[in-house]
Chemist: 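If you scroll down you'll find the structure; I have some questions about it.
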Amino acid sequence: MKVGILALQGDFEAHARVLERLGVGWSYVKRAEDLGGIDALILPGGESTTFLKFLEGNGFAEAVRQLPAQGKPLFGTCAGAILLAREVTHPPQPSLALVDVTIERNAYGRQMQSAVRRGRCALKGDPMEMVFIRAPVIRRVGSGVRVLGECEGLPVCVEQDNCLLATFHPELTRDTTLHEHFLCLAGKP
Ligand code: GLN
C-alpha cells in the first residue's frame with residue numbers, strides 16, 4: 001500500500017513521519033500525475049486558499065475529487081478538512097465538496113486562540129489530545145455523515161463513505177488512532 005500526501009504547502013512532513021511510524025509506504029503528491037500509483041491521499045493542514053490556487057488548472061482538483069469513487073480514501077486535516085467540506089464559510093470559497101458538512105474557517109479566532117484541547121473520539125476509550133491551529137468549526141453535519149470526534153460540544157472529526165475529516169492536527173501528536181483508521185478505510189489488513 002502507498003499513501004499519497006498532498007505536498008503543495010503546509011505540514012505534509014508531519015503526516016509522512018506518522019506513516020513511517022506505522023510502517024506504511026507513502027509518497028508526496030505535487031501534481032495530478034503523482035496521483036497514479038497511490039491507494040489513498042492525505043490533505044494536510046496549511047492554508048486552504050493556497051491549496052486551491054495550486055489545485056486549480058490542469059484538472060488537478062478534479063483528479064483528487066474522483067479518488068474516493070475509485071476506492072481511494074481521502075483524509076483531510078484542518079485546511080485539508082476545509083477542502084473536503086461541501087460548504088465553506090467565513091468567507092465562502094470553493095471546495096472539493098465530498099463531505100456533507102458546512103465548515104467555518106478560522107472560527108476559534110486568531111492565532112492566539114490556537115490551543116491543545118482534549119476531546120472524545122469514538123475510536124478510542126481515553127480522551128484524545130487535539131491540536132487546533134487557526135482551526136475551522138463544523139457548523140452543520142449532513143444526515144449521511146458520521147461524527148467520530150467531539151471537543152467542547154462541537155464535532156471535530158467526521159467521516160462520510162471513505163472520506164475522513166478532522167478540524168485538528170492528529171499528525172502533530174503521538175496518537176495514531178485516526179491515521180490507523182484511515183489506513184483501514186484504504187484496506188490495510
Ligand atoms: N486557517 C487555515 C485555513 O483556513 C487552516 C489552518 C490549518 O490548517 N492549521 O485554511
Chemist: One thing to verify: whether E47 and R105 come together as a salt bridge, which I'm taking to mean a side-chain N less than 4.0 angstrom from a carboxylate O.
Modeler: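 Result for this pair is yes, salt bridge flagged.
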
Chemist: Checking S114 side chain against R134 main chain: does a donor-acceptor pair fall under 3.5 Å?
Modeler: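 Here the side-chain-to-backbone pair exists.
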
Chemist: Give, for atom CZ of F132 and atom OG1 of T167, the distance between the pair rounded to the nearest 0.5 Å.
Modeler: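 So the CZ of F132 and the OG1 of T167 are separated by 4.5 Å.
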
Chemist: If I compare all heavy atoms of E171 with all of A14, which pair ends up nearest, and what's the gap?
Modeler: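 Nearest heavy atoms, E171 then A14: CG-CB, 3.6 Å.
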
Chemist: Report yes if some heavy atom in the side chain of L83 is under 4.5 Å from a heavy atom in the side chain of V64; otherwise report no.
Modeler: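 No, every pair of side-chain atoms sits at 4.5 Å or beyond.
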
Chemist: Distance-only, no hydrogens or angles: does the N162 side chain make a donor-acceptor pair with backbone N or O of L185 under 3.5 Å?
Modeler: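 No, N162 side chain to L185 backbone: no donor-acceptor pair under 3.5 Å.
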
Chemist: Rounded to the nearest 0.5 Å, how far apart are OG1 of T50 and CD of Q9?
Modeler: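 The CD atom of Q9 is 4.5 Å from OG1 of T50, to the nearest 0.5 Å.
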
Chemist: Hey, could you give me the OG/CG distance between S48 and N106, rounded to the nearest 0.5 Å?
Modeler: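 Between atom OG of S48 and atom CG of N106 there are 8.0 Å.
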
Chemist: Do you know the tightest heavy-atom contact between V3 and I38?
Modeler: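 Heavy atoms only, the tightest pair is C-CG2, 4.4 Å.
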
Chemist: Between CG of L96 and SG of C163, what distance do you get to the nearest 0.5 Å?
Modeler: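 Rounded to the nearest 0.5 Å, the CG-SG separation comes out at 9.0 Å.
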
Chemist: Would you check if the side chain of N58 reaches a backbone N or O of F60 as a donor-acceptor pair within less than 3.5 Å?
Modeler: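 Checked: no pair found.
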
Chemist: Could you grab the distance from atom CD of E129 to atom OG1 of T177, nearest 0.5 Å is fine?
Modeler: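 The CD atom of E129 sits 11.5 Å away from the OG1 atom of T177.
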
Chemist: When clusters are formed by joining ILVMFWY residues with side-chain heavy atoms under 4.5 Å apart, either directly or through shared neighbours, do F182 and L41 land in the same one?
Modeler: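 They do not share one cluster, since no chain of ILVMFWY contacts under 4.5 Å joins F182 to L41.
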
Chemist: Grab the two heavy atoms, one from L84 and one from L43, that are nearest each other, plus how far apart they are.
Modeler: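 For L84 and L43, the tightest heavy-atom pair comes out as CD2-CD1, 3.7 Å.
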
Chemist: Please check if the side chain of S95 supplies one atom and the backbone of A85 the other of a donor-acceptor pair under 3.5 Å.
Modeler: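 Yes; judged by distance alone, with no hydrogens or angles, the pair exists.
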
Chemist: Do M128 and F168 have side chains that approach each other closer than 4.5 Å (heavy atoms only, starting at C-beta)?
Modeler: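 Counting from C-beta outward, M128 and F168 do come under 4.5 Å.
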
Chemist: Give the cluster check for L154 versus V88: same hydrophobic cluster or not, with ILVMFWY residues linked at side-chain heavy-atom distances below 4.5 Å.
Modeler: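 The answer is no; the residues belong to distinct hydrophobic clusters.
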
Chemist: Ignoring hydrogens, what is the shortest heavy-atom contact between A135 and Y108? Give both atom names and the distance.
Modeler: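 So the two residues come closest at O-CD1, 3.5 Å.
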
Chemist: Would you say P170 and T77 make side-chain contact, with heavy atoms under 4.5 Å?
Modeler: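 Yes, at least one pair of side-chain atoms sits under 4.5 Å.
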
Chemist: So do the side chains of D161 and P68 get within less than 4.5 Å of each other, counting heavy atoms only?
Modeler: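 D161 does not reach P68 side chain to side chain.
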
Chemist: Taking only residues at least two apart or on different chains, which pairs with a member in residues 69-93 satisfy salt bridge (Lys or Arg N to Asp or Glu O under 4.0 Å)?
Modeler: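 Matches after skipping sequence neighbours: R86-D100.
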
Chemist: Looking at K53, I'd like to know if its NZ atom is crowded, meaning that more than 12 non-hydrogen atoms belonging to other residues, nucleotides or ligands lie closer than 6.0 Å.
Modeler: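 No, NZ of K53 has 12 or fewer neighbouring heavy atoms, counting only those of other groups under 6.0 Å.
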
Chemist: Taking atom NZ of K30 and atom CG of L35, what is their separation to the nearest 0.5 Å?
Modeler: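 Answer rounded to 0.5 Å: 13.0 Å.
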
Chemist: Search all heavy atoms of A166 against all heavy atoms of A81 and return the closest pair with its distance.
Modeler: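 Here A166 and A81 meet closest at O-CB, 3.5 Å.
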
Chemist: Is the closest side-chain heavy-atom distance between Q93 and I82 below 4.5 Å?
Modeler: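 They are in contact (side-chain heavy atoms under 4.5 Å apart), so the answer is yes.
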
Chemist: What are the two closest non-hydrogen atoms of Q160 and G144, and how far apart are they?
Modeler: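 Heavy atoms only, the tightest pair is CG-O, 3.6 Å.
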
Chemist: Run the side chain to side chain contact (heavy atoms under 4.5 Å, CB included) test on L164 and L148 for me, step by step, so that the C-alpha distance in whole Å, both residues' side-chain angles and the decisive distance to 0.1 Å come before the verdict.
Modeler: CA-CA 9 Å; L164 177 64; L148 289 178; 3.6 Å; yes

Chemist: State which residues pass side-chain hydrogen bond (donor to acceptor under 3.5 Å, both in side chains) with K2; sequence neighbours excluded, sorted by chain then number.
Modeler: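 Partners of K2 by the side-chain hydrogen bond (donor to acceptor under 3.5 Å, both in side chains) criterion come out as none, since no residue qualifies.
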
Chemist: Using the rule given for side chain to side chain contact (heavy atoms under 4.5 Å, CB included), can you reason through Y28 versus E13, listing the C-alpha separation, both sets of side-chain angles and the distance that settles it, and then say yes or no?
Modeler: CA-CA 9 Å; Y28 285 146; E13 286 177 340; 3.3 Å; yes

Chemist: Is the ring centre of F75 less than 6.0 Å from the ring centre of H179?
Modeler: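 Yes, the ring centres sit under 6.0 Å apart.
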
Chemist: Could you tell me whether the side chain of T176 reaches within less than 4.5 Å of the side chain of V18, counting heavy atoms only?
Modeler: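 Side chain of V18 against side chain of T176, heavy atoms only: contact under 4.5 Å found.
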
Chemist: Is there a path from L165 to L52 through hydrophobic residues (I, L, V, M, F, W, Y) whose side chains come within less than 4.5 Å of each other?
Modeler: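 Yes, because L165 and L52 connect within a single hydrophobic cluster, where side-chain heavy atoms sit under 4.5 Å apart.
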
Chemist: Do R17 and E20 meet the salt-bridge criterion of a basic N to acidic O distance under 4.0 Å?
Modeler: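 Salt bridge flag = no for R17 with E20.
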
Chemist: Test I133 against D11 for side chain to side chain contact (heavy atoms under 4.5 Å, CB included), laying out the working first.
Modeler: CA-CA 12 Å; I133 303 172; D11 76 335; over 6 Å; no

Chemist: Just by modelled atom types, is the R139 backbone N or O under 3.5 Å from a matching donor or acceptor in the E104 side chain?
Modeler: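 No: the side chain of E104 does not pair with the backbone of R139.
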
Chemist: Would you please test V99 and L74 for side chain to side chain contact (heavy atoms under 4.5 Å, CB included) and show each step?
Modeler: CA-CA 10 Å; V99 178; L74 298 179; over 6 Å; no

